[in-house]
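This report refers to the structure that appears directly beneath it.
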Amino acid sequence: MAKSLKNLISILILLFLAPIIIATVQTPLFTTQAEQQVEEKKTEDIPVVYAAQLEDKQPVVQEIIEPKKAFVYFTHSQEAYRPILAAKGEKIAIYHPISNITTFQDQINAQFAFHQLEATFLEDYNKKEMDDYNSIRPLVQKAIAQNEYDIILDIHRDSAKANITTLKSGEESYAKFIFVIGGEHPNFRWNEQLAQNLSNQLNKLVPGISRGILLKEGKGVDGVYNQDLSKNLLNVELGGVDNTEQEINRSIAILAKALSNMLNEQLPS
């Protein structure tokens with residue numbers, strides 16, 4: 001009797017525990033299937049990117065602007081500045097074979113390069129003998145025929161005194177500019193307009209640094225200044241006999257910036 005009762009209790013316990021055991025065994029399987037369904041749903045939600053869609057997105061290409069090209073020369077290469085000669089202990093004069101306007105070539109080159117202007121200078125010629133418009137003309141003509149330049153500058157030193165050629169602006173002083181245009185060739189208006197544009201750009205940067213344009217024609221003047229060789233050729237007077245090296249250097253920096261502004265404004269839109 002006791003044995004039968006023990007067997008009955010065992011059967012009842014087994015029947016009570018059976019659902020719990022089955023649930024425990026089956027739950028991981030059901031969970032795994034649910035997770036798979038979630039993963040499949042996530043996969044469906046991710047958009048498919050086809051090669052054609054990638055090809056539709058064109059890369060952004062930035063335009064590379066080539067540096068503007070300038071040709072620079074000094075017809076009157078021995079024109080000098082009195083304060084510079086005095087500082088070097090030289091005899092004070094307005095012409096000098098060495099300490100003259102050509103010594104600013106490195107400064108011009110550096111400032112032009114800073115403003116993305118590629119400067120080429122007329123070199124390797126006898127400056128002592130070729131110091132007038134007629135003798136230097138064939139050299140300039142040959143140089144500008146071999147290359148295309150955006151601007152051509154014949155740089156001079158004015159004979160005027162400090163009260164005319166010096167500008168005080170704020171704490172600094174500058175050598176003033178003036179543009180000499182020859183009115184005795186058919187296309188001088190092109191050169192005149194270019195000079196006016198550059199003069200305007202200079203005065204935007206430092207008001208009053210440019211004295212404007214001096215149109216020359218008639219008896220006793222050259223009247224052409226080789227500007228008939230190119231509509232882009234300008235005769236630029238950089239300061240006068242009394243300007244200092246510092247004033248000239250400051251003005252060269254302003255000239256470079258003004259040229260860059262002017263030439264880049266002329267780019268087609």
Side-chain angles (χ1 to χ4, degrees), residues 65-80 95-98 100-158 177-199 201 213 216 221-239 248 251-253 255-264 266-267:
I65 299 175
E66 293 291 328
K68 297 299 182 180
K69 294 184 178 182
F71 182 68
V72 182
Y73 66 101
F74 309 90
T75 294
H76 299 151
S77 59
Q78 296 192 34
E79 291 178 332
Y95 295 96
H96 196 275
I98 299 174
N100 51 52
I101 194 169
T102 64
T103 61
F104 291 97
Q105 180 169 317
D106 289 343
Q107 176 71 357
I108 293 169
N109 191 46
Q111 289 295 333
F112 278 33
F114 182 77
H115 292 286
Q116 296 186 329
L117 298 170
E118 185 181 300
T120 301
F121 294 85
L122 182 63
E123 297 181 298
D124 300 326
Y125 70 99
N126 191 325
K127 294 181 175 65
K128 187 175 181 179
E129 293 183 2
M130 297 181 175
D131 62 348
D132 60 69
Y133 293 105
N134 289 331
S135 60
I136 207 169
R137 181 182 177 89
L139 301 180
V140 175
Q141 191 169 19
K142 180 180 178 181
I144 64 177
Q146 293 175 342
N147 293 284
E148 186 174 343
Y149 295 100
D150 299 287
I151 191 72
I152 305 166
L153 301 177
D154 182 10
I155 301 180
H156 296 254
R157 181 267 300 141
D158 200 348
F177 296 95
I178 191 169
F179 299 91
V180 179
I181 299 298
E184 296 183 11
H185 66 95
N187 298 317
F188 79 93
R189 292 297 182 189
W190 286 98
N191 307 85
E192 184 180 35
Q193 185 58 60
L194 182 63
Q196 187 62 62
N197 293 345
L198 183 51
S199 178
Q201 290 290 346
I213 297 171
K216 285 193 172 184
V221 300
D222 184 279
V224 177
Y225 305 105
N226 290 326
Q227 291 163 3
D228 59 325
L229 296 177
S230 172
K231 65 181 182 180
N232 294 332
L233 199 160
L234 297 180
N235 183 314
V236 185
E237 302 276 357
L238 172 56
I248 296 162
S251 294
I252 289 171
L255 175 64
K257 177 62 175 174
L259 278 169
S260 178
N261 290 348
M262 179 185 75
L263 294 175
N264 286 304
Q266 293 177 356
L267 283 173

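All of these numbers come straight from a predicted model, not from anything done at the bench.
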side-chain contact (heavy atoms from CB on, under 4.5 Å) for Val180 and Ile213? Distances and angles first, verdict last.
CA-CA 6 Å; Val180 179; Ile213 297 171; over 6 Å; no

Which label fits Phe188 and His185: parallel for a plane angle under 30°, tilted from 30 to 60°, or perpendicular past 60°?
perpendicular

side-chain contact (heavy atoms from CB on, under 4.5 Å), that's the test. Do Leu259 and Asp150 meet it? Break it down for me.
CA-CA 10 Å; Leu259 278 169; Asp150 299 287; over 6 Å; no

Apply salt bridge (Lys or Arg N to Asp or Glu O under 4.0 Å) to the pair Asp132 and Arg137, showing each step before the final yes or no.
CA-CA 8 Å; Asp132 60 69; Arg137 181 182 177 89; over 6 Å; no

Establish, from distance only, whether the side-chain atoms of Asn109 and Gln105 form a donor-acceptor pair under 3.5 Å.
no

With a cut-off of 6.0 Å (strictly less than), are more than 12 heavy atoms of other residues, nucleotides or ligands near CZ of Phe114?
no

With heavy-atom distances below 4.5 Å as the criterion, would you say the side chains of Ile151 and Leu263 are in contact?
yes

Within the 4.5 Å heavy-atom criterion, are Lys257 and Asn261 side-chain neighbours or not?
yes

Please examine the side chains of Asn187 and Lys231, heavy atoms only from C-beta on, and report whether any two atoms are closer than 4.5 Å.
no

Side chains of Leu139 and Met130: closer than 4.5 Å at any heavy-atom pair?
yes

Rounded distance [0.5 Å steps], NE2 in His115 versus CG in Asn264
11.5 Å

For Phe177 and Ser251, which heavy atoms make the closest approach, and how far apart are they?
CZ-O, 3.2 Å

Please determine if Arg157 forms a cation-pi arrangement with Tyr95, meaning its NZ or CZ atom is less than 6.0 Å from the six-membered ring centre and no more than 45° off the ring axis.
yes

If you measure only the distance, is there a donor-acceptor pair under 3.5 Å linking the side chains of Gln116 and Glu66?
no

Between Asn100 and Glu79, is there a side-chain heavy-atom distance shorter than 4.5 Å?
no

Short question: side chain of Asn191, backbone of Leu233 - any donor-acceptor pair under 3.5 Å?
yes

Member of Leu153, Ile144, Leu194 meeting the side-chain contact (heavy atoms from CB on, under 4.5 Å) criterion with Asn232
Leu194

Taking every heavy atom of Ala70 against every heavy atom of Tyr149, the minimum-distance pair comes out as C-CD2, 3.8 Å

If we only count heavy atoms from C-beta on, is the Leu234 to Asp154 side-chain gap below 4.5 Å?
no

Can you tell me how far CD1 of Ile155 sits from CG of Leu238, rounded to the nearest 0.5 angstrom?
6.5 Å

Is the ring pair Phe121/Phe74 parallel, tilted or perpendicular, if the boundaries are 30 and 60 degrees?
parallel

Closest heavy-atom pair, Gln227 versus Gly182, reported as atoms and distance to 0.1 Å, is OE1-N, 3.0 Å

Answer yes or no: is there a donor N or O on one side and an acceptor on the other, between the side chain of Glu123 and the main chain of Tyr73, under 3.5 Å?
no

Show the nearest heavy-atom pair for residues Glu129 and Ser135, with the distance to one decimal.
O-OG, 4.0 Å

For Phe71, is the NZ or CZ atom of Lys69 found under 6.0 angstrom from the centre of its six-membered ring and inside 45 degrees of the ring axis?
no

Between the main-chain N or O of Pro67 and the side-chain N or O of Glu118, is there a donor-acceptor pair closer than 3.5 Å?
no

Evaluate the side-chain proximity of Thr120 to Asn147: yes if any heavy-atom separation is below 4.5 Å, no if none is.
no

Answer yes or no: is there a side-chain heavy-atom contact under 4.5 Å between Gln146 and Lys142?
yes

With distance as the sole test, does Asn226 use its side chain to make a donor-acceptor pair with the main-chain N or O of Tyr133 at under 3.5 Å?
yes

Using ring centroids (six-membered ring only for Trp), state whether Phe179 and His156 fall under 6.0 Å.
no

